Amino acid sequence: MPELPEVETIRVGLEPHVVGRTFSHVEIDDPRLTRPHDPMETAAELIGETVAALERRGKYLVVRFESGRVLLIHLRMTGSLLLLRNDAPDDPYRRAVINLDNGSDVGYRDVRRFGTWLLLEPGELEPYLASRVGDEVLDRRLSARALQATLERRRAPIKAVLLDQRMFAGVGNIYADEALWWARIHPLRQASTLDRAELQSLLRGVRKSLGHGIARQGATLRDYRGADGRVGSMQREFRVYGRAGEPCTRCGTPIEKTRAGGRGTWYCPGCQL
DNA sequence: CTTTTTCCCTGGACGC
DNA sequence: TGCGTCCAGGGAAAAA
């Protein structure tokens with residue numbers, strides 16, 4: 001569910017409530033959440049830690065503690081972090097609760113239980129992320145030139161490559177389709193065949209679609225909520241995702257659905273070449 | 001090494 | 001109403 005814009009929206013919403021706060025109690029109910037570590041043990045280790053910063057890397061939330069340790073959270077498909085009001089009703093999908101020293105609580109909800117919490121010791125974060133997450137696409141550190149060098153050897157469809165987090169950190173299935181539409185590139189084009197101009201346009205498309213997503217507080221298809229419990233509105237502005245049969249807003253051709261990288265993929269056969 | 005498939009979970013939508 | 005099938009925003013691991 002949550003791709004970069006959704007994770008960033010949660011980060012921004014949570015940040016002012018948790019930075020400077022100490023975890024006074026932590027309860028984890030899902031035995032899979034901290035796999036391969038024992039959830040009881042992780043919960044006990046977290047008590048007493050004080051949050052120094054809340055950051056994001058790709059789709060990961062990075063909770064930095066003053067001790068130098070880090071709680072690395074990945075929401076996967078249906079995870080969400082919610083500020084719990086005093087009158088918050090019971091939730092069968094609430095897998096963990098963090099009590100803060102100012103009396104407020106943060107709940108972790110995850111229907112499908114794919115999400116993970118990993119407690120890292122000082123110095124362990126960078127090596128862990130290095131093999132999984134590439135440079136931040138929005139930071140402009142990624143250039144078309146550097147991209148071309150990497151993509152030259154890849155024969156997979158560009159859509160599949162867009163989902164590779166080592167290349168485009170934070171891009172998921174929805175925003176990949178939207179980015180390709182903005183760039184007017186067909187999702188099944190072999191990555192190695194894209195020329196410099198197309199890669200430049202793809203980078204712009206990726207930044208545009210992610211930027212729109214952030215500005216709209218993410219997209220809510222079913223489960224996604226911001227930290228305040230509110231839904232996003234980006235789903236109302238999709239150009240191709242989930243719109244099979246509807247006319248392209250640019251050229252009027254009906255949107256089609258195919259499969260790439262093992263995921264449903266929507267595109268306009270009229271203007272994506 | 002790259003690419004594809006399978007799997008981890010649960011629930012909703014749809015066909016019969 | 002009930003049952004079976006397929007699909008879903010994620011990525012790790014296994015298989016090819």
Side-chain angles (χ1 to χ4, degrees), chain A residues 1-10 29-37 39 56-61 72-81 91-96 108-118 128-134 149-180 187-193 206 209-210 212-214 216-226 231-238 240-245 257-266:
Chain A
M1 158 227 297
E3 304 182 30
L4 186 152
E6 288 74 29
V7 178
E8 180 62 14
T9 301
I10 288 172
D29 287 328
D30 181 359
R32 297 181 43 85
L33 185 60
T34 60
R35 207 175 41 158
H37 305 287
R56 179 192 55 73
R57 276 290 280 121
K59 298 172 194 168
Y60 285 95
L61 268 176
L72 189 61
I73 297 177
H74 200 300
L75 305 170
R76 294 290 174 99
M77 298 288 262
T78 53
S80 61
L81 284 161
D91 178 356
Y93 304 111
R94 189 175 297 148
R95 313 297 185 187
Y108 175 74
R109 171 188 163 90
D110 190 353
V111 174
R112 289 172 71 181
R113 300 194 293 141
F114 285 168
T116 52
W117 284 19
L118 183 59
Y128 185 88
L129 292 180
S131 62
R132 294 172 171 80
V133 185
T150 330
L151 295 193
E152 258 170 6
R153 297 175 276 108
R154 304 202 53 167
R155 279 187 282 181
I158 186 60
K159 164 68 185 282
V161 176
L162 267 174
L163 297 176
D164 185 340
Q165 298 301 296
R166 293 165 303 181
M167 204 126 336
F168 295 91
V171 175
N173 201 40
I174 291 176
Y175 294 96
D177 282 2
E178 296 296 304
L180 287 165
L188 299 181
R189 277 280 299 283
Q190 219 173 63
S192 59
T193 67
V206 167
S209 70
L210 293 177
H212 283 174
I214 291 172
R216 301 285 178 273
Q217 330 259 52
T220 300
L221 297 181
R222 178 176 302 150
D223 302 288
Y224 170 73
R225 295 291 184 283
V231 299
S233 64
M234 187 61 210
Q235 68 283 359
R236 300 205 290 257
E237 295 176 37
F238 289 160
V240 283
Y241 184 85
R243 300 190 59 230
K257 183 184 185 184
T258 181
R259 235 174 151 73
R263 312 258 164 207
T265 297
W266 288 264

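This structure is a prediction, so every number in the text was calculated from the model and none was measured. Chain identifiers are assigned alphabetically (A, B, ...) following the order of the sequence lines, protein sequences preceding nucleic acid strands; residue numbering begins at 1 within each chain.
Residues Lys257(A) and Thr265(A) have side chains not in contact (no heavy-atom distance under 4.5 Å, counting atoms from C-beta outward). A heavy-atom distance below 4.5 Å is not found between the side chains of Arg112(A) and Arg76(A). Residues Glu6(A) and Tyr175(A) form a side-chain contact, since some pair of their non-hydrogen atoms from C-beta on lies under 4.5 Å apart. Side chains of Glu178(A) and Val240(A) form a contact here, defined as non-hydrogen atoms less than 4.5 Å apart.
Between Arg76(A) and dC8(B) there is no side-chain N or O to OP1 or OP2 distance below 4.0 Å. Close to dC1(B), at under 4.0 Å from its OP1 or OP2, lies no side-chain N or O of Arg153(A). For the OP1/OP2 pair of dG11(C) and a distance below 4.0 Å, the side-chain nitrogens and oxygens of Tyr60(A) include no atom meeting the criterion. Contact between the side-chain N/O atoms of Lys159(A) and the OP1/OP2 oxygens of dT3(B) is not found at any separation under 4.0 Å.
A straight line from CD of Gln235(A) to C1' of dG9(C) spans 12 Å, rounded to a whole angstrom. Protein atom CE of Met77(A) is 15 Å distant from nucleotide atom P of dG12(B), rounded to whole Å. Spacing between atom CD1 of Ile174(A) and atom C1' of dG10(C) amounts to 12 Å, rounded to whole angstrom units. In this structure, Ile214(A) places its CD1 atom 16 Å from C1' of dG9(C), rounding to the nearest Å. Separating the CG atom of Leu210(A) from the P atom of dG9(C) is a distance of 16 Å, rounded to the nearest angstrom. Atom CD of Glu3(A) and atom C1' of dA8(C) are 12 Å apart (whole Å). Atom OH of Tyr224(A) and atom C1' of dA8(C) are 18 Å apart (whole Å). Rounded to whole Å, the distance from CG on Leu221(A) to P on dA13(B) is 13 Å.
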Dot-bracket for DNA chain B: what is it, with Watson-Crick or G-U pairs under 3.5 Å, [ ] where a pair crosses earlier ones, and | for a pair to another strand? .|||||||.|||||||
Atom pairs, protein N/O to nucleotides 5-7 of chain B N/O, distance under 3.5 Å:
none

Enumerate the protein-to-nucleotides 9-11 of chain B contacts in which both atoms are nitrogen or oxygen and the separation is below 3.5 Å.
from	atom 1	to	atom 2	distance (Å)
dC9(B)	OP1	Arg32(A)	NH1	2.4
dC9(B)	O3'	Arg113(A)	NH2	2.9
dC9(B)	O2	Arg112(A)	NE	2.8
dC9(B)	N3	Arg112(A)	NH2	3.3
dT10(B)	OP1	Arg113(A)	NH2	2.7
dG11(B)	OP1	Tyr93(A)	OH	2.5

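Taking Glu152(A) as the reference, nothing meets the side chain to side chain donor-acceptor pair (under 3.5 Å) condition, with sequence neighbours excluded. Shown here are the side chain to side chain donor-acceptor pair (under 3.5 Å) partners of Arg56(A), two or more places apart in sequence or in another chain: Glu8(A), Glu136(A).
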Might you work through the side-chain contact (heavy atoms from CB on, under 4.5 Å) test for Tyr224(A) and Thr9(A), ending with a clear yes or no? CA-CA 11 Å; Tyr224(A) 170 73; Thr9(A) 301; 3.3 Å; yes
Start with the C-alpha gap between Arg113(A) and Leu33(A), add the side-chain angles, then the distance that decides, and say whether side-chain contact (heavy atoms from CB on, under 4.5 Å) holds. CA-CA 7 Å; Arg113(A) 300 194 293 141; Leu33(A) 185 60; over 6 Å; no
side-chain contact (heavy atoms from CB on, under 4.5 Å) for Thr116(A) and Leu72(A)? Distances and angles first, verdict last. CA-CA 8 Å; Thr116(A) 52; Leu72(A) 189 61; over 6 Å; no
What verdict does the side-chain contact (heavy atoms from CB on, under 4.5 Å) test give for His212(A) and Glu237(A), after you've listed the backbone C-alpha separation in whole Å, the side-chain angles of each residue and the deciding distance to 0.1 Å? CA-CA 9 Å; His212(A) 283 174; Glu237(A) 295 176 37; 5.6 Å; no
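Near-neighbour residues of DNA chain C inside residues 162-172 of chain A, defined by a heavy atom below 4.0 Å, number-ordered: Gln165(A), Gly172(A).
Between Asp29(A) and Arg94(A) there is no salt bridge, since none of the side-chain N atoms of the basic residue sits less than 4.0 Å from a carboxylate O of the acidic one. A salt bridge does not link Asp30(A) with Arg32(A): every distance from a Lys NZ or Arg NE/NH1/NH2 to an Asp or Glu carboxylate oxygen is 4.0 Å or more. Between Arg154(A) and Asp164(A), at least one side-chain nitrogen of the basic residue sits less than 4.0 Å from a carboxylate oxygen of the acidic one, meeting the salt-bridge criterion.
Comparing dG9(C) with dT3(B), their C1' atoms are spaced 22 Å from each other, to the whole Å. dT5(B) and dC7(C) have their P atoms separated by 14 Å, with the value rounded to a whole Å.
If you check dA8(C), dG10(C), dA12(C) against the side chain of Asn173(A), the one that comes closest is dG10(C).
In this model, no donor atom of one side chain and acceptor atom of the other lie less than 3.5 Å apart for Gln165(A) and Tyr60(A).
A ring-centre distance under 6.0 Å is not found for Phe238(A) and Trp266(A).
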